[in-house]
Amino acid sequence: MADLLANLNDRQLAAVTLPPQHALILAGAGSGKTRVLTTRIAWLLATGQVGPAGILAVTFTNKSAREMVTRLTAMLPLDARRIWIGTFHGLCNRMLRAHHQDAGLPASFQILDSQDQLGAVKRVLRALNVDDEKYPPRQVQWFINNAKEQGLRASSLEAPTAYDQRMAELYAAYDEQCRREGVVDFAELLLRSFELLQAQPALCNHYQSRFRHLLVDEFQDTNTLQYRWIRLLAGPGAAVFAVGDDDQSIYAFRGANVGNMAAFERDFQTPNLIRLEQNYRSFGHILDCANELIQRNANRLGKQLWTEAGVGEPVRVREALSDQDEAQWIVEEVRSLVRDGWMRADIALLYRSNAQSRVLEHALFAAGMPYRVYGGLRFFERAEIKHALAYLRLIENPADDGAFLRVVNFPTRGIGARSIEQLQDAARARGCSLYEAAKAMGGRLAAFVALMDALQNDSLRLELPELVEQVTERSQLLAHYTAERDGEERIDNLRELVNAAIAFLGDPPAEDSDAPLSLLAAFLAHASLESGENQAGEGTDALQLMTVHSAKGLEFNAVFVTGLEEGLFPHENSANEPSGLEEERRLMYVAMTRARQRLYLSFAQTRLLHGQTRYHLRSRFIDELPDGALKWLTPRNGLRATREGWGGAWESGGNAWRTKGTQQAAQQGAAGVWSGGYGSDGRTAASGAPFRIGQTLKHAKFGEGVVVAYEGTGSDARVQINFGAAGLKWLALAVAKLEPYPDK
DNA sequence: CTGAGAATGATTTTT
DNA sequence: TCATTCTCAG
């Protein structure tokens, strides 16, 4: 016991040993959040206050759920599978499997991932002859998920406009299709579980009295439905231990509601609120920057990170001439770090949006520097894997039309669009599944039915891995990719799927139901809920490239936050959203607090974006940091305009440079501007205009403004000027009357 | 069915 | 710019 609690600081210890009451733990970045959460569970168990069955711990990612289990089993000897630890979706799946009948689901219901869901939506639209110009599938999908995350069914939606009315109808039709096919989407897992508990008081009571302690990780990321699910499950008697950091709430765009933290304090009348503010990750200067930045946000619950580690190195800031120059400099800097003994794997390059990785990758590749990019397709999302899984899904559930359509003609077996249309008509007329309808058809469809029947037979006598192998062979998937030029990797992946099946057999999920689920169905659920690893190559010492979002929860000895430019970070689109800027600032806070020892912030004067050279001001976030903690590697006042009066431009919509019909910026023109380097005059020589970026000008109507960007040559030349309150304007040099204004 | 060329649209992402 | 999706001719 003493062992368990050793090395906790006072606050951590207080949190871990709280009485069985509701508690809100405000855990700052690097304050030992996961440690507190897992030690709390271990302490509850070790003191005999509760048994493993009385605990429910919920996270957002499989990764953090796994980490919790690993740490917990290291602290205590126990069968972690008896504890309900998992993601919201994983736990809801577990509950629905156990009570599928009460929930109105078939025993082996399958789970649609976002891709599958989009496909399902498209089919609904086609079946109902909906104009997908007016109702784009993605938008319909978003509408459905959004409604579900609010806990709303189609029937309970308010539909004030004809459009909303139609959307609600599509939602209803989609749900009906899912029911027919025996599938559920991600949001449905949660909503169905919630509705199950609501509709079955006895069952609800059972779980309420069983789970004495609910522990929620990353509470700031919960959405409305998740919050209500927790509240329902807690009932009157359980203690909810919510851990989160409102300053790290960066997922509002996918439904997360930071307001849930304040709501929790209110609804649960939380008697315990503990702040974990001591940071064990970063040195002082880095934390000073983070604190100073984040305190500009309003409506915080309030927190101030501190460390015993000393101030450490100042935060390095550098202005680059261009995105390429930025990348080049990073390569050099990383090289020198590596020469000094730093590990590449301990260095991260962070960016706001994925498009920015290209330039960085290009420079790294040219320099022969090993790197690894996070994000992109994961294992279970790859096309070849989805194909193989679709065959397996169809074996398990012949009513799964989505799976049927995916593989009926892949690899191609001469079943064209019109035979499929005929088939769909027949199925609709008879009110049966495509597979059922195909049984009545002759020719090539009959051959496909025969194939599936054979595979179904295989499934009865073969072990799961053998079945997977058999499917890839008999379906001709392997043959198809063997014939393809670049099919080698895909074949490797298909073999890897067999390995995944073997691994799954070695560690099957816990069962709470009397009627055990078929291993195949369980494997398919596993594949949907665990999208798999992002990328291989874990072993090599490679530089880490990722978006700031994916860096959340990680830490590195050195971190480069790149592209710190207005419009990019903070992103221009965030200006349109309420409190969008505050979320961007939190994102910056997350980015900076990833660094242990050394933090670099960089921005570029010009950047090639969507095929256009764009000129950005440096991010306001840099200017929000305390001077004393910074070390400028380039002159602080570079070639830049001072950013006075910029707020106005931001509020005015920030989209001004998107004006239609602008001429492409001439590369040479841009080069002309910057060729002089730092401190040069940098006149827009190509156009002959006597202005430079950053110069203050006067306009007869709009008043004083700052030149922000420049585009075109000769008589097409235009400048973009920020007039503060009057906003951002593009003005043609040939027309506009602009007077130079003495620099401040 | 396939492949070429046009059109499109482009934060952030887990389950 | 560029990757993906769509459309149409062969």
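To find a chain, count down the sequence lines: A is the first, B the second, and so on, and within it residues start at 1. The structure presented is a predicted model; accordingly, all values stated were derived computationally and were not measured.
At B:dT15, one or more side-chain N or O atoms of A:Asn62 fall inside 4.0 Å of OP1 or OP2 (strictly under the cut-off). Considering only side-chain N and O atoms, A:Ser574 lies nowhere under 4.0 angstrom from the phosphate OP1 or OP2 of B:dT12. Proximity of A:Thr61 to the phosphate of B:dT14: no side-chain N or O atom is located under 4.0 Å from OP1 or OP2. Of the side-chain N and O atoms in A:Asn223, none sit less than 4.0 angstrom from OP1 or OP2 of B:dT15.
When the nearest nucleotides of DNA chain B are assigned to A:Ser528 and A:Asn354 by heavy-atom distance, the more 5′-ward of the two goes with A:Asn354. Sequence order on DNA chain B of the closest nucleotides to A:Asn409 and A:Glu381 puts A:Asn409 first from the 5' end.
Taking only distance into account, the side chain of A:Ser114 meets the base of B:dT15 through a donor-acceptor pair shorter than 3.5 Å.
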Validation: residues 413-421 of chain A side-chain donor-acceptor distances under 3.5 Å, sequence neighbours left out:
unit_1   : atom_1 : unit_2   : atom_2 : d
A:Arg413 : NH1    : A:Tyr391 : OH     : 3.3
A:Arg413 : NH1    : A:Val407 : O      : 2.8
A:Arg413 : NH1    : A:Val408 : O      : 3.0
A:Arg413 : NH2    : A:Tyr391 : OH     : 2.9
A:Arg413 : NH2    : A:Ser475 : O      : 3.2
A:Ser419 : OG     : A:Gly416 : N      : 3.3
A:Ser419 : OG     : A:Gly416 : O      : 3.2

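Salt bridge annotation for A:Arg620-A:Glu566: present, with a cationic side-chain nitrogen under 4.0 angstrom from a carboxylate oxygen. A salt bridge links A:Glu530 to A:Arg66: one of the charged nitrogens lies within less than 4.0 Å of a carboxylate oxygen.
Here A:His571 lies parallel enough and close enough to stack on the base of B:dT11, with planes under 30° and ring centres under 5.5 Å apart. Stacking of A:Phe253 onto the six-membered ring of B:dT12 is present: less than 5.5 angstrom between centres, less than 30° between planes.
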N/O to N/O distances under 3.5 Å, protein versus nucleotides 3-8 of chain C:
unit_1 : atom_1 : unit_2   : atom_2 : d
C:dA3  : OP1    : A:Arg358 : NH1    : 3.4
C:dA3  : OP1    : A:Arg358 : NH2    : 2.5

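Between A:His549 and A:Phe253, the ring centre distance stays below 6.0 Å. Ring centers of A:Phe404 and A:Phe448: under 6.0 Å apart, within the cut-off.
For A:Gln115, the side chain to side chain contact (heavy atoms under 4.5 Å, CB included) test picks out A:Asp113, A:Glu381, A:Lys386, A:Arg406, with sequence neighbours left out.
With B:dT13, B:dT11, B:dT14 as the choices, the nucleotide that has an atom nearest any side-chain atom of A:Ser550 turns out to be B:dT13.
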